[in-house]
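One structure is given below, encoded as structure tokens.
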Amino acid sequence: MAEIRYAMAINRALADAMLADASVILFGEDVAAPGGPFTVTRGLQAQFGAERVRDTPISEATITGAAVGTALGGLKPVVEIMFMDFITLAMDALVNQAAKAHFMFGGQCSVPMVVRTPHGGGLNAGPQHSQCLEAWFGHVPGLKVVVPSNPADAYGLLRAAITDPDPVIFVENKTLYSMKGELADAPQSVAIGRARIAQSGSDATIVVYGASVATALKAAISLAAEGIAAEVIDLRSIQPWDERAVLESVTKTRRLIVAHEAVTAFGVGAEIAARVSELAFGQLAAPVFRVGADFMPIPFARSLEREYLPGEADIAAAVRRSLNWKPNARTKP
Amino acid sequence: MAEIRYAMAINRALADAMLADASVILFGEDVAAPGGPFTVTRGLQAQFGAERVRDTPISEATITGAAVGTALGGLKPVVEIMFMDFITLAMDALVNQAAKAHFMFGGQCSVPMVVRTPHGGGLNAGPQHSQCLEAWFGHVPGLKVVVPSNPADAYGLLRAAITDPDPVIFVENKTLYSMKGELADAPQSVAIGRARIAQSGSDATIVVYGASVATALKAAISLAAEGIAAEVIDLRSIQPWDERAVLESVTKTRRLIVAHEAVTAFGVGAEIAARVSELAFGQLAAPVFRVGADFMPIPFARSLEREYLPGEADIAAAVRRSLNWKPNARTKP
Amino acid sequence: MQIELSQQELLSLHQTMVLIRRSEERLSRLFADGEVPGFLHLSIGQEAVPAGICAALQAGDTVASNHRGHGHALAKGVELRGFFAEILGREEGLCRGRGGSIHVADLRVGMLGANGIVGGGLPIALGSALAHQVRRTGGIAVAFFGDGAMAEGVLHECLNLASLWKLPLIFACENNGWSEFSPLDRQFAAQLGALGNAFGIPSVQVDGSDVAAVCLAANRIVGAARRGDGPQILECKTFRWRGHYEGDPQKYRDADDLAAARNRDPLALSSARLVAMGISAERIGTFERTVEARIEAAVEAACLGREPDYAAAAADVYTQTAAGTHG
Amino acid sequence: MQIELSQQELLSLHQTMVLIRRSEERLSRLFADGEVPGFLHLSIGQEAVPAGICAALQAGDTVASNHRGHGHALAKGVELRGFFAEILGREEGLCRGRGGSIHVADLRVGMLGANGIVGGGLPIALGSALAHQVRRTGGIAVAFFGDGAMAEGVLHECLNLASLWKLPLIFACENNGWSEFSPLDRQFAAQLGALGNAFGIPSVQVDGSDVAAVCLAANRIVGAARRGDGPQILECKTFRWRGHYEGDPQKYRDADDLAAARNRDPLALSSARLVAMGISAERIGTFERTVEARIEAAVEAACLGREPDYAAAAADVYTQTAAGTHG
Ligand SMILES: Cc1ncc(C[n+]2csc(CCOP(=O)(O)OP(=O)(O)O)c2C)c(N)n1
Ligand SMILES: Cc1ncc(C[n+]2csc(CCOP(=O)(O)OP(=O)(O)O)c2C)c(N)n1
Ligand SMILES: [Mg+2]
Ligand SMILES: [Mg+2]
């Protein structure tokens, strides 16, 4: 066990995967010689050579499309899209090619590729460098979407993503890069699709992923002070997402809050809320409440961004709202 | 009043808008001289000249990005993306530029542009020519998304979309192009954001849009034969969607089914189900059920596509399921 | 460097072209009979391009194709019955009826798929070339694309990256002068060769109706790419005889254009050359009938195929591994 | 055709460059003091390009910029206090604090916005040029982009469309030899001029450190574009003095490269030319201090600005019309 930062855990997972499997290669903008804009890929070109770790020109569509061809050609490419906002330039390759090739070609082939990309605000990077767009990919059959919340999971899920035969979008959170956490000396893969109970509790379930896990844990602490025991579930992956783990928790707590940094409307929380509202309809003691960003582009100024980003207080308030909900109360639209 | 096909209603809306406002211009692949792959723009270049109606090269990113600049320059561009599947190539322009310019520039400007694009299956056009991706755009603050279900609405909503100061994605359905319906002799705009009660009923609410409206109306007929009076609400637009109309109906019927052709998971239905499950929690007599496509790419072969597309029977079954739902029944996950 | 082809080679090229032509004619009839679901884009008139280029390839080489991909698939040697079964939407199809004409693929022979997205195959071919390079397979990759695809930005990105990385990649442009219903001069302002020049990529223009010319040029540039000389462009001037899709009334096209196209029939040119070399028209005819018989047998078998299995399809969105779907 | 610039014109160009240089130096200090949120990309060393090009433009002409857009904004005449207030994240900012440095825009003076997406401004400028053409405004549009943006596919698409439609569009490349932390020769395999050639677009290369040279070249090509000669390329060789962003340790860059950059200081070159023309160093100094005073006043006012109003922002995602937000 040693303490490691989230960014370094990803770096280590990449290095270990490349050591374990000569077919793993990396490419992306400034990932090789410069070591990546967030230093995530630092040292990998020195360790594995310029053939396996490559800087590309600013050509997101081709980087991602090339990953598909490379994967079909027997390699396991891990590519980087520098900010998730730029994945808008790579949608054809992801949605029309990578996601569909296995199915559309009748199962003849798989497309074992990983797209690493950071999302999220907190750096005042403005409307085009902060978006959380993961819900889009949840809607695309054939893609998997992983969002680790801590260094150990970042390591373990990335190893699993690289081994996975299908295309995986591996979403990192920019504010988590500096997060410290324990990593085993011989860390293992973490299966994609299994949630983790980040904290047990019996009064309400909070479902979160990525950076929102830490926010929810903080909310849970302040709730605990009020005598409310919240259970925090870290989804780890949103496609597939661990429906069973969420339902089990909700069966116990009868209350569910889904929180994420992405815009609430049409976000990941919508799917989870809709699904749980359907499957646990008889068991829910209150409506499922969603916590997410307001319906606006993420603004630049410090005060604006601070107010925009869903925080600990928003999650705690939603939990309280759930607990205070009265069967006959009408929530105003 | 005269009968007109959906494709011709769009054609007429384009012509009327161009007559009414010299700043409206059209461009896209094969829309001018050839009149569009589905003949929607036929005759417009002859009527309005090669300056206002232009064929472009196969360059979706630039067509859409250029629309942003054209809109900022005082024109009202209406562009076509030939199949909604190709909008994957235009995501930057739509999401990072068009959607955000008004907000991000502090309200200095508006981006009055329309992107027309057909979605949907039914033509055995396969996995890359049939997708329904509208849910993505519902998640993007700054965009509006309209999906007309009949010729009169296609006309009226397109006129409204062209007049709208903000970017509108106008989603047509390929199987609707040949649909016939009445159009007033002097047809008016239809406000974006107001749903339409396509059929009144008191037993259950079916919320639909686009081609699924006709499917739901058929389901309503077969349900009526069983003595079930379904209310069918045609959303008309999904961003914004008419929450008030849906809630009013659900207050009456206490049961909601949301149906669309798009993949169920993370689809438009998720947002509506999540929102209504929250706001009408105390009033719902059964869970909100969603009807949509299975979680797979849309397959090619006739039998596969037929089975894949959600139909009348699926909607009727969901309504029955809702009506038969017993408070203590546990729905199996 | 080889400067002419043997009689045997020319016969083999002719055979591939006949295979493509007759297969597509057969598909056209099946389409007219309502047997083919979806859109059908035929490459009749363009057969010399895939035939000539694929003859220069080895089994391990890979090709990524476009929406007009039957010729590329057949020339690369996809299994014939599976080919027809796919286009007819049968379980026995190469893609189990899930893709159809626009997605025919046979990974076993290095055919990475037709593609519904104009330009979509370019970065895939580039990635495949990268895999050849990194894995030192000795193979090369070919991207087939039309003149219409030249306007897509990925062409530029791929020319650049292929040049920077000296990838073993052939940019094979089938320039038939049409993008759907629009002529080339209103679609693209550059010459592909000039673009190649700008990126330091050598390019060759050939008469895409002359299969021998295509094959000789392909031999040269495939050799160069295989040797490590980096990417190469091969632009083939060719003619689309049919509409953009079957059923296209082609109102946008005048009779002269069509006549000019028919004037340069790659099969007729090839036949004439074979006859001039002393091969009897009779022998060629017999030989063509053998191909036709193969096609007939494949079509017949394909027509007898089953409807695809929906449940199997639904369970195959992700790769099934020992650990389950979500491995 | 004008072959030299008057003393007055040169002074005015110098003034614009000083405005850009001093504004960015001021921003750099504000950044170091923690006053600037987010990323800050400075164009110090590149001032001659926006100064020279924008001097050739008229008020109605439009420019679309990139992430390194301060120079373009200032040269196009954006309101100075609003400029600083925006970068500092204030309600009084040009974008009410919602965009910041990467999104500075002032539509009133034809500045269509800096842009966070590399290449993102190209099609916007193209669309603006189309609006000029269709509305017969007599105006032209300029797309400013870096050498790194040349690799994006939209460049290709825009060159093609601009050429086909003969749009009044200037492709203004600021070639500073770096894409973030990667040098040009590992990023792009072509010369922009050769690409322009392929598309039939005339191009000029100028010394981007010589503001007079930039301005004269810009005058010529802006005139051509305005006359209806179609798109034009202006490639300016220039130097980025600072890191990619403020705070960039620049480990990837050696001292020689930096020294070479500093050697070609556009302001020093311009000063020297002015002095050689007989303008006293004193007069230039006084004149520079006037600019500095304007900047100081603007910064001071900007710093006094309010925090932006969240509720107002949230209510302004769509255009407010008489009929309500969802007009
Ligand atoms: C991205 C994208 N845009 C548009 C289309 C519609 N489309 C299909 S084929 C075609 C024309 C292609 O022309 P070309 O590349 O010359 O190939 P050809 O049909 O002539 O063989 C178009 C516009 C598409 N399939 N994909
Ligand atoms: C689409 C996209 N990809 C990547 C980035 C990250 N990025 C910002 S600036 C930059 C380099 C741009 O280089 P260049 O165009 O030469 O401009 P310069 O910074 O030299 O002025 C990159 C890669 C981005 N903002 N947008
Ligand atoms: Mg063509
Ligand atoms: Mg640069």
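Values below: every heavy atom of this structure, side chains too, minus hydrogens, waters and symmetry copies. The shown structure was predicted, so the numbers you read here are calculated from the model rather than taken from an experiment. The sequence lines fix the lettering, A, B, ..., with proteins before strands; numbering per chain opens at 1.
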So, [X] and [Y]: side-chain donor and acceptor under 3.5 Å apart, yes or no?
X	Y	answer
E174(D)	H72(D)	yes
E246(D)	S28(D)	yes
Q46(D)	N176(D)	yes
E235(D)	N175(D)	yes
S23(D)	H70(D)	no
E134(A)	H119(A)	yes

Which of [options] touches chain D most, by non-hydrogen pairs under 4.5 Å:
options	answer
I58(A), N124(A), T56(A)	I58(A)
F83(A), Y308(A), F86(A)	Y308(A)
A125(A), P299(A), S59(A)	S59(A)
A32(A), S130(A), P297(A), P127(A)	P127(A)
M296(A), E29(A), H129(A)	M296(A)

Can you say whether [X] sits under 4.5 Å from chain A via the side chain, the backbone, both, or neither, judging by heavy atoms?
X	result
I87(D)	backbone
F188(D)	neither
I117(D)	both

Under 4.5 Å between any side-chain heavy atoms of F181(D) and D248(D), yes or no?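 Side chain of F181(D) against side chain of D248(D), heavy atoms only: contact under 4.5 Å found.
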Which region of A61(A), side chain (C-beta onward) or backbone (N, CA, C, O), has a non-hydrogen atom less than 4.5 Å from a non-hydrogen atom of chain D, or is it both or neither?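 Contact with chain D involves no heavy atom of A61(A) at all.
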Which atoms of E60(A) approach chain D - backbone, side chain, both or neither, heavy atom under 4.5 Å: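 Backbone plus side chain of E60(A), per the 4.5 Å heavy-atom cut-off to chain D.
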Looking at E86(D), R98(D), E152(D), H103(D), which makes the most heavy-atom pairs under 4.5 Å with chain A?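 The residue among E86(D), R98(D), E152(D), H103(D) with the greatest pair count is E152(D).
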